[in-house]
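Here the structure comes first, spelled out in structure tokens, and everything after it is commentary.
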Amino acid sequence: MKWDEFFVFTGDPMLFAAMISIIVGAISIVVGLTYFKKWAYLWREWLTTVDHKKIGVMYILVALIMLFRGGVDALLMRGQTAMPENGLLNAQHYNEIFTTHGVIMILFMAMPFIIGLMNVIIPLQIGARDVAFPRLNSVSFWLFAAGAGLFNISFIIGGSPDAGWSAYFPLASLEFSPTVGNNYYALSLQIAGLGTLMTGINFVVTILKMRAPGMTWMKMPMFTWSVLITNVIIVFAFPVLTVALALMTMDRQFGTKFFAMQDGGMDMLWANLFWVWGHPEVYIVILPAFGIFSEIISTFARKNLYGYKSMVVSMVAISLLSFVVWAHHFYTMGHGVMVNSIFSISTMAIAVPTGVKIFNWLLTLHKGKISFTTPMLYSLAFIPIFTIGGVTGVMLAMASADYQYHNTMFLVAHFHYVLIPGTVFAVIAGFHFWFPKVFGFRLNEKLGKLGFWFITISFNVAFFPLFILGLNGMTRRMYTYSESTGYGPLNMLSFIGAVGLGIGFIILVYNIYWSIRYSPRDEDGDPWDARSLEWATHSPVPVYNFARVPKINELDAFWFAKKNNRMLSDDPYEPIHMPSNSGMPFLMSGAFFAAGFCAVFSWWIPAIIFTIAIFVFMALRSFEQDHGYYISVEEIERTERELGGDKK
Amino acid sequence: MKIDESLPLEYSTEENRLKILGFWIFLGAEIALFSTLFAVYFTLENRFGTGPSAQEIFHMPPVMIETILLLTSSFTIGLGIHAMRLGLKKAMMTFFVITLMLGLGFLGVEIYEFVTYVNEGATIQTSAFLSALMTLLGTHGLHVTFGLFWGTAILLQVRKRGLTPETANKSFIFSLYWHFLDVVWIFIFSFVYLKGLMVL
Amino acid sequence: MKKKWLLLSAIFTIATVLAGCENRLMILDPKGPQAKTLSDTIILSIIVMAGILFVVYVLYAFMLVKYRASKMGDDYEPPHEHGSKTLEIIWTVIPIIIVVFLSVVTVQTTSEVESKPLGYEDQEPLVIYASSSNWKWHFSYPEEGIETVNYVNMPVDRPVEFRLYSYGPITSFWIPQLAGQKYAMSAHVTKINMAADVPGSFMGRNSNFNGQGYAQMEFEAQAMTPADYEEWVNDVKTTAPELSEAEFDELLETDFVGRQTYSSTHLEFSPAPEGQHHGAPVSDEEEMKTAPSSETDHFNHKDAEEAE
């Protein structure tokens, strides 16, 4: 490998600018940390932390950065297609950008944002001191960060993957994608995926075993339910991705024949493996969103969630169905009427439990007392917009009709209509809703609402035209089209919407900055007058979460305790056992990153050395004797006094 | 650390109970992983291109030896855990050593098997069938290899620290892992080797 | 505001579509029985979906207008409600009925478009092999013994059976106004049935991303009267050059070519992957005639997946 192949010196000004900005950004972070003497702080408080709240914050921070990266990709794509025969990007760039946009938005934005919120909130919502395996949680985060980092440097070192986020073979094979781009794809997702799998195990155990006394299954908040189901899906779906990616790496770098065009290989096998993971993956990002909306809608309608039981049942139904619908992603592969019909029916069946949820949310609003806060606005906008995504999903589920929608902009419009009002609105709503829990003050409501209207209206302007373009025969992933197709005007409209979305996100980020500087600090810990247990402790939350473990006797116990002026627990304080910090997860993920990076370029000897380093870290952990530490009763009393007295 | 004396050592603390449950869930993920590998294998088992088919390369003797070694090791680790519950540190360690030796023997025979295949011109690059076969066997073999290192690390800790709630917990979890590998092997034996030799 | 806008735009689109104004959307402007079936299915589904949206939006608007905090008075305390069996049964059963209805439609229309076009059942279809290579379409007419690149001519009022395969990445063969799309893959042949009711020139393209030249991978599908078609075929036979194996290999290697016409097909020296097994090359003439292995492959695979 030569140096000019290593760094992508194509002389392209845009790529060059991106490279410069990444380098400048990195240098300024290093200089800034040194100047303000924050290295020790960073190491002590963040890089080595095992506190679920801080890990959650880091997840969300990375997710926001990735949202920016993926958003820039999106703007470039819409900019390129805004006009016929546009020359903003060439085919290769466009292909890399839509590939990275897809991967980043799903795996490095939506997932970590959800996992971040889950980290911050779940232990609080079930009244636990931390997750079941705090150290493993830190490993999960750092593996995710290593994967995200590895994926992102592909842009400047070696070239990004360019075969679409679904990376179908034979296109993604060495023969048709000879750059290292898809090596990056396979290895970075592999590393991040391992982290996700561990998160899955961690949260299943946490929710199964660490709920506050008295919190039985049917007294769990809806977000907790959704996260439990999601993590069960993770545990069973992610190993499939692990295998698929491993086979991809082997085909590309070791000459195996799984998906090859000769020697018995089978290109369709990749599509099947990918979507056996890929479809449950969609529900991994949407089910927690349903949970978030349930919490927010019931809080701001000031009413308990309507049809709690059927909400739970429908989520379980969706999660089971999510494993038996994967072939609807390729009805056009020619598997015959029988197979297509079966998958059509199983896919459409998902509409039933989803519909149940929509009606339950509507009935939660019924006889409520709806206040239109920013998180509530996002949750309310979710219902009508997501329903469009849902009904177009049913249309796409019909195998015959899909022969006409498949690979068109109609499909693109559909999944953005599901994922943006579903997942993105949910994480933004959750972000506004739980921000005061973590930082002790609310984001500005005026700026929040302004951002909301920008995002919601622009979203529709950006994506509704794509339905029509799809019906007019415009396929996805085309970097350009001729004027005679007549696709120009609607694409321009869509571009305008995309710019509006960009402005909306800038307002959102500006709101964070503004609120940090000027927002009044919250005294109470419960600024929204909310219902679930996370609001029963101080904001910001002390390291031990709850001074005494709350006792639960009903759903929304905190809400009723507030109303009846009751304490959730009046036990005396007891010393609290806490896990100690560790730098090992961070260092180990560094070894993962290095091993992955070397493997991308098939530098096997250093890759093996770094892999051995990973196992050395695991061995060190095994031999380590670390029983954590205790927080004394006096210290708890002192902290509670400083935070403004005892909480219910 | 609250220790509940009424429970076996490996379950005696809250942390231990969490770890055992977590490991069961991890094994659930492992089941999904191996199921996928089996699915890939079943999809590709008859797609051997110009290379050899299953009947042409499978030889029963080494496979039988591997099976006997691994099944026996699953039995001995069970004895090891039984000894651990009785508090017999020495017996437990002996059984663990035997288990690991049997595992090592299994691995040796498996490597011999792979070398034979390669010498017969059946490499992982030859055909989709062989890619799938060797990946499935290789993944299991890597698990066994990892288990050997892991088991050794636990043995060292038991020797140094005795049978504590922590080491007992680790040993018990390791035994779960080892039994799991045995179960996977039974599937490989039945649905890869026996099926491959039976097909006419 | 926003919701009204949404609703309006949804209604507007549907209205436009149904009214069929001058520039009809391509997919809803079918020129053959297969595309007509699909277009009807799509319009039917849009109507059903618009009904569902309407119900949801009315309920939604009602809740938002009636129960806003500003209207409810300070001392209003929302009731504690658990849910209602009756309501839950209603909104489970009705969607199930809708899903059942749409399932029936799906099964029916899928089998319709997968078989010979309606009204053409008694005619022997014209077989055309369409194969893709980066980034071209090759059309071979075994019956006539001619081959074209990047354009395809066919007679109207006669069923056409396209047999698809690929010399590289998976592509998707799509002539929206005549029939839905289907993948072309390297390992086996897939089929599309279609027929054109009227003469005309239709856009055809690869709709499955396959690399750098994907955007340009279009072809023209021209339906002509049988007489014109006969004339064109004869013309090609007499004037166009033969396609040699060397030339074809060179053609496969070239990224972009314009239209080409040959008076022989590549099928003779580079046959379509029909009835191949075990990925081994087939020499037996008999085996060539058996059905493509796609079905069996898929079923094998599915079983394996379900074993999980």
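Computed from a prediction, not measured in an experiment: that's the story for all the values here. Within every chain, numbering begins at 1; the chains are lettered A, B, ... in the order of the sequence lines, protein sequences first and strands thereafter.
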Toward chain A, the part of C/E81 with a non-hydrogen atom under 4.5 Å: both
Which atoms of A/F176 approach chain C - backbone, side chain, both or neither, heavy atom under 4.5 Å: side chain
Flag side-chain contact, heavy atom, 4.5 Å: C/Y60 against A/L380: yes
A/Y417 versus A/N460, side-chain donor and acceptor atoms under 3.5 Å: yes
A/K309 and C/E88 ion-paired at < 4.0 Å: no
Choice from C/I170, C/T41, C/V100, C/T92 maximising heavy atom contacts with chain A below 4.5 Å: C/I170
Segment of C/V113 engaging chain A (4.5 angstrom heavy-atom cut-off): side chain
Under 4.5 Å from a heavy atom of chain C, the part of A/T387 involved: both
Pair A/Y405, C/Q181: side-chain N/O donor-acceptor within cut-off below 3.5 Å: no
Aromatic plane relationship, A/W270 with A/F259 - under 30° parallel, 30 to 60° tilted, over 60° perpendicular: perpendicular
Residue, of A/G473, A/S341, A/A91, that accumulates the most heavy atom pairs under 4.5 Å with chain C: A/G473
Part of C/Q212 within contact of chain A (heavy atom distance under 4.5 Å): both
A/W326/A/F343 aromatic ring centres below 6.0 Å: yes
Aromatic ring pairing C/F173/C/F162, orientation class (parallel under 30°, perpendicular over 60°, tilted between): tilted
Contact class of A/I358 relative to chain C, heavy atoms under 4.5 angstrom: side chain
Chain A contact via C/I192 - which portion, at a heavy-atom distance below 4.5 Å: neither
Largest heavy-atom contact set with chain A, pairs under 4.5 Å, which of C/G168, C/S84, C/P95: C/G168
Toward chain A, the part of C/E77 with a non-hydrogen atom under 4.5 Å: side chain
Nearest heavy atoms of A/Y487 and C/M203, plus distance in Å: OH-CE, 4.2 Å
A/A172, part contacting chain C, at a heavy-atom distance under 4.5 Å: neither
Toward chain C, the part of A/S177 with a non-hydrogen atom under 4.5 Å: neither
C/Y214 six-ring face occupied by C/R205 cation (under 6.0 Å, within 45°): yes
side-chain contact (heavy atoms from CB on, under 4.5 Å) involving A/A413 - partner list, sequence neighbours excluded: A/L466, A/F467
A/A301 versus chain C, the contacting section by heavy-atom distance below 4.5 Å: backbone
Chain A contact via C/S166 - side chain, backbone, both or neither, heavy atoms under 4.5 Å: neither
Short side-chain donor-acceptor distance under 3.5 Å, A/Y403 and C/E114: yes
Structural part of C/I96 lying under 4.5 Å from a heavy atom of chain A: both
Choice from A/H406, A/R476, A/E175 maximising heavy atom contacts with chain C below 4.5 Å: A/H406
Part of A/K563 within contact of chain C (heavy atom distance under 4.5 Å): side chain
Contact class of C/A184 relative to chain A, heavy atoms under 4.5 angstrom: neither
Any residue meeting side-chain contact (heavy atoms from CB on, under 4.5 Å) with A/N86, in chain and number order, not counting sequence neighbours: A/Q80, A/M83, A/L88
Top of A/M348, A/M395, A/K367, A/M478 for chain C proximity - count of heavy-atom pairs under 4.5 angstrom: A/K367
Engaged part of A/L469 at the chain C interface, taking heavy atoms whose separation is under 4.5 Å: neither
Plane angle bin for C/H80 and C/H82 - parallel if under 30°, tilted between 30 and 60°, otherwise perpendicular: perpendicular
Residue, of A/T364, A/N340, A/D267, A/D402, that accumulates the most heavy atom pairs under 4.5 Å with chain C: A/D267
Worked check of side-chain hydrogen bond (donor to acceptor under 3.5 Å, both in side chains) between A/S371 and A/T373: CA-CA 6 Å; A/S371 45; A/T373 58; 5.5 Å; no
Residue part contacting chain C, namely of A/A163, when any heavy atom lies under 4.5 Å: backbone
Contact class of A/Y308 relative to chain C, heavy atoms under 4.5 angstrom: backbone
Interchain contact, C/D29 with chain A, by part (heavy-atom threshold 4.5 Å): neither
Test item: side-chain donor near acceptor, A/N360 and A/S310, under 3.5 Å: yes
Aromatic ring pairing A/Y94/A/Y479, orientation class (parallel under 30°, perpendicular over 60°, tilted between): tilted
Side chain / backbone / both / neither for A/F98 at chain C, heavy atoms under 4.5 Å: side chain
Option in A/K303, A/R477, A/H366 with maximal non-hydrogen atom pairs under 4.5 Å from chain C: A/H366
Which portion of C/D74 sits near chain A, non-hydrogen atoms under 4.5 angstrom: backbone
Under 4.5 Å from a heavy atom of chain A, the part of C/I42 involved: both
Toward chain A, the part of C/M217 with a non-hydrogen atom under 4.5 Å: neither
Residue pair A/Q92 / A/D162, side-chain donor-acceptor N/O under 3.5 Å: yes
Ring centre gap for A/F372 and A/F300 strictly below 6.0 Å: no
Side chain, backbone, both or neither of C/Q216 within contact of chain A (heavy atoms, under 4.5 Å): side chain
Partner chain C: residue of A/T480, A/I370, A/L365 with the largest heavy-atom pair count (under 4.5 Å): A/I370
